[in-house]
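We name chains A, B, ... by the order of the sequence lines, and we start the count at 1 in each one. Just so you know, these numbers come straight off a predicted model, no measurement behind them.
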2 protein chains.
Amino acid sequence: MTEPTQSQIDQLTIAFERFTRRFKVAEAGAAMEHNLNALDVQALLFVEDHPGCSLGDVARYLQVAMTTMSSAADRLVRRDMMERQRPEANRRSVALTLTAKGKASVAGYMAGYGDACRAMLDPLDPEERIEFLRLTDKMAKYDI
Amino acid sequence: MTEPTQSQIDQLTIAFERFTRRFKVAEAGAAMEHNLNALDVQALLFVEDHPGCSLGDVARYLQVAMTTMSSAADRLVRRDMMERQRPEANRRSVALTLTAKGKASVAGYMAGYGDACRAMLDPLDPEERIEFLRLTDKMAKYDI
DNA sequence: TAATATAATACGATATTCGTAATATTCAAA
DNA sequence: TTTGAATATTACGAATATCGTATTATATTA
């Protein structure tokens with residue numbers, strides 16, 4: 001398989017910078033609404049996808065110290081968006097889940113992401129959208 | 001122009017989540033090397049692209065308070081990565097530029113982004129890369 | 001059963017962000 | 001040209017976040 005050219009890489013870098021900006025803006029806006037910081041948002045998104053996960057799971061995934069994650073969980077529990085439970089199977093750990101309020105918050109973020117994605121696809125023709133998604137899918141499958 | 005379908009939007013959301021993760025990892029890794037936080041990195045990248053810009057320019061772009069930006073500039077100046085100069089034209093403001101050390105740092109980040117982009121394009125065939133970039137270009141042109 | 005490993009939390013140190021107030025400079029109008 | 005308002009930044013203090021170390025509780029292994 002031949003390598004991508006430098007010019008192709010540069011072109012993609014520029015395009016990607018713009019796209020990620022849209023996502024960041026969407027994320028920041030939604031975070032502002034709920035007065036949540038970036039870490040808390042990411043934690044909510046992870047727990048939504050991995051209900052019952054442990055604090056260590058989230059800390060590893062988000063690459064922050066356990067104590068930092070514990071503090072974030074404190075905040076989210078205090079604000080009634082997350083729940084800690086001691087699973088009988090291993091009572092050292094905690095099982096994290098989202099409350100209805102936490103899930104509603106995640107839904108808001110996902111809606112924001114959805115808007116950003118819609119805005120990205122909008123300029124394409126229907127056939128182009130299909131082709132674009134086929135290619136992104138192919139790329140995403142090779143994820144590390 | 002017809003709307004993208006919900007399923008297309010969902011598909012793109014998932015793919016995009018993966019891609020942004022790669023970029024975040026690259027960014028975090030490079031930031032770790034230089035002991036810089038996220039804001040400082042973004043400020044370096046902006047000033048590299050807008051040499052001579054003011055603190056206000058950067059603060060507006062990155063959507064942080066002026067005082068926050070001033071603190072970030074303090075850090076970067078102290079570490080010899082950025083310079084403040086009083087332009088004669090308007091001596092209320094400061095003109096920000098990067099030092100050689102700052103530019104070297106930016107080059108490191110760009111290399112990281114480049115690697116991430118290369119990794120994205122790698123799984124595609126040469127013709128697919130051309131088509132993919134044509135489509136991203138079309139999408140990016142409609143940027144808000 | 002004792003020793004070790006694992007999972008989370010309490011606490012204190014350091015750093016970051018932001019709002020308010022102060023300073024310096026420019027612009028406009030009387 | 002002097003006064004007043006607007007602009008750009010900085011100083012300072014309060015609130016908050018992150019992290020490392022030590023501690024507690026539970027599980028695993030010898």
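Considering only the side chain of Val94(A), dT9(C) comes nearest among dT9(D), dA27(D), dT9(C). Relative to the side chain of Arg91(B), the nucleotides dT9(D), dT17(C), dT25(C) differ in distance, and dT25(C) lies closest. Among the nucleotides dA17(D), dA8(D), dC18(C), the one closest to any side-chain atom of Ala65(B) is dC18(C).
A side-chain donor-acceptor contact under 3.5 Å links Asn37(B) to the backbone of Leu39(B). Side chain of Glu131(A) to main chain of Glu128(A): no donor-acceptor pair is present (N/O by atom type, distance under 3.5 Å, no hydrogens or angles). Within the 3.5 Å criterion, the main-chain N or O of Gln8(A) finds no donor-acceptor partner in the side chain of Arg129(B).
Of the residues near DNA chain C, Leu55(A) and Val64(B), the one whose nearest nucleotide (by heavy atom distance) lies more toward the 5' end is Leu55(A). DNA chain C is contacted by both Ser71(A) and Ala95(A); Ala95(A) maps to the nucleotide lying nearer its 5′ end (nearest heavy atom per residue). Each of Arg75(A) and Pro87(A) was assigned the nucleotide of DNA chain D with the nearest heavy atom; the assignment lying further toward the 5' end belongs to Arg75(A). Mapping Leu39(A) and Cys53(B) onto DNA chain D via the closest heavy atom, the residue that lands nearer the 5' end is Cys53(B).
Taking side-chain N and O atoms only, Arg60(B) has no distance below 4.0 Å to OP1 or OP2 of dT7(D). For dT10(D), one of the phosphate oxygens OP1 or OP2 lies less than 4.0 angstrom from a side-chain nitrogen or oxygen of Ser70(B).
Taking atom CE of Met66(A) as the reference point, atom C1' of dA22(D) lies 15 Å away to the nearest angstrom. Between the CG atom of Asn35(B) and the C1' atom of dC19(D) there is a distance of 13 Å, rounded to whole Å. Atom-to-atom, CG of Leu76(A) to C1' of dA17(D) comes out at 13 Å; the value is rounded to the nearest Å. If you measure from atom CD of Gln42(B) to atom C1' of dT17(C), you get 16 Å, rounded to the nearest angstrom. Per the geometry, CZ belonging to Arg86(A) stands 8 Å off P belonging to dA8(C), to the nearest Å. Straight-line distance from the CG atom of Leu36(B) to the P atom of dA15(C): 14 Å, rounded to whole Å. In this structure, Asn37(B) atom CG and dA15(C) atom P are separated by 12 Å, rounded to whole Å. Across the protein-nucleic acid pair, Asn90(B) atom CG and dA6(D) atom C1' stand 12 Å apart, rounded to whole Å.
Using cut-offs of 30° and 60° on the angle between ring planes, the pair Tyr113(A) and Phe23(A) is parallel.
Counting any heavy atom pair closer than 4.0 Å across all strands shown, Thr67(A) reaches a base atom. If you check every strand for non-hydrogen atoms under 4.0 Å, Asp74(A) touches nothing. In this structure, Thr68(A) reaches the bases: a heavy-atom distance under 4.0 Å links it to at least one base atom across the strands shown.
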**Report entry** Chi angles and distances behind the salt bridge (Lys or Arg N to Asp or Glu O under 4.0 Å) call for Arg79(A), Asp74(A)
**Finding:** CA-CA 9 Å; Arg79(A) 304 181 58 176; Asp74(A) 285 347; over 6 Å; no

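A salt bridge links Asp115(B) with Arg118(B): at least one charged nitrogen is closer than 4.0 Å to a carboxylate oxygen.
For dT7(D), the base has a donor-acceptor partner in the side chain of Arg92(B) [N/O atoms by modelled type, under 3.5 angstrom].
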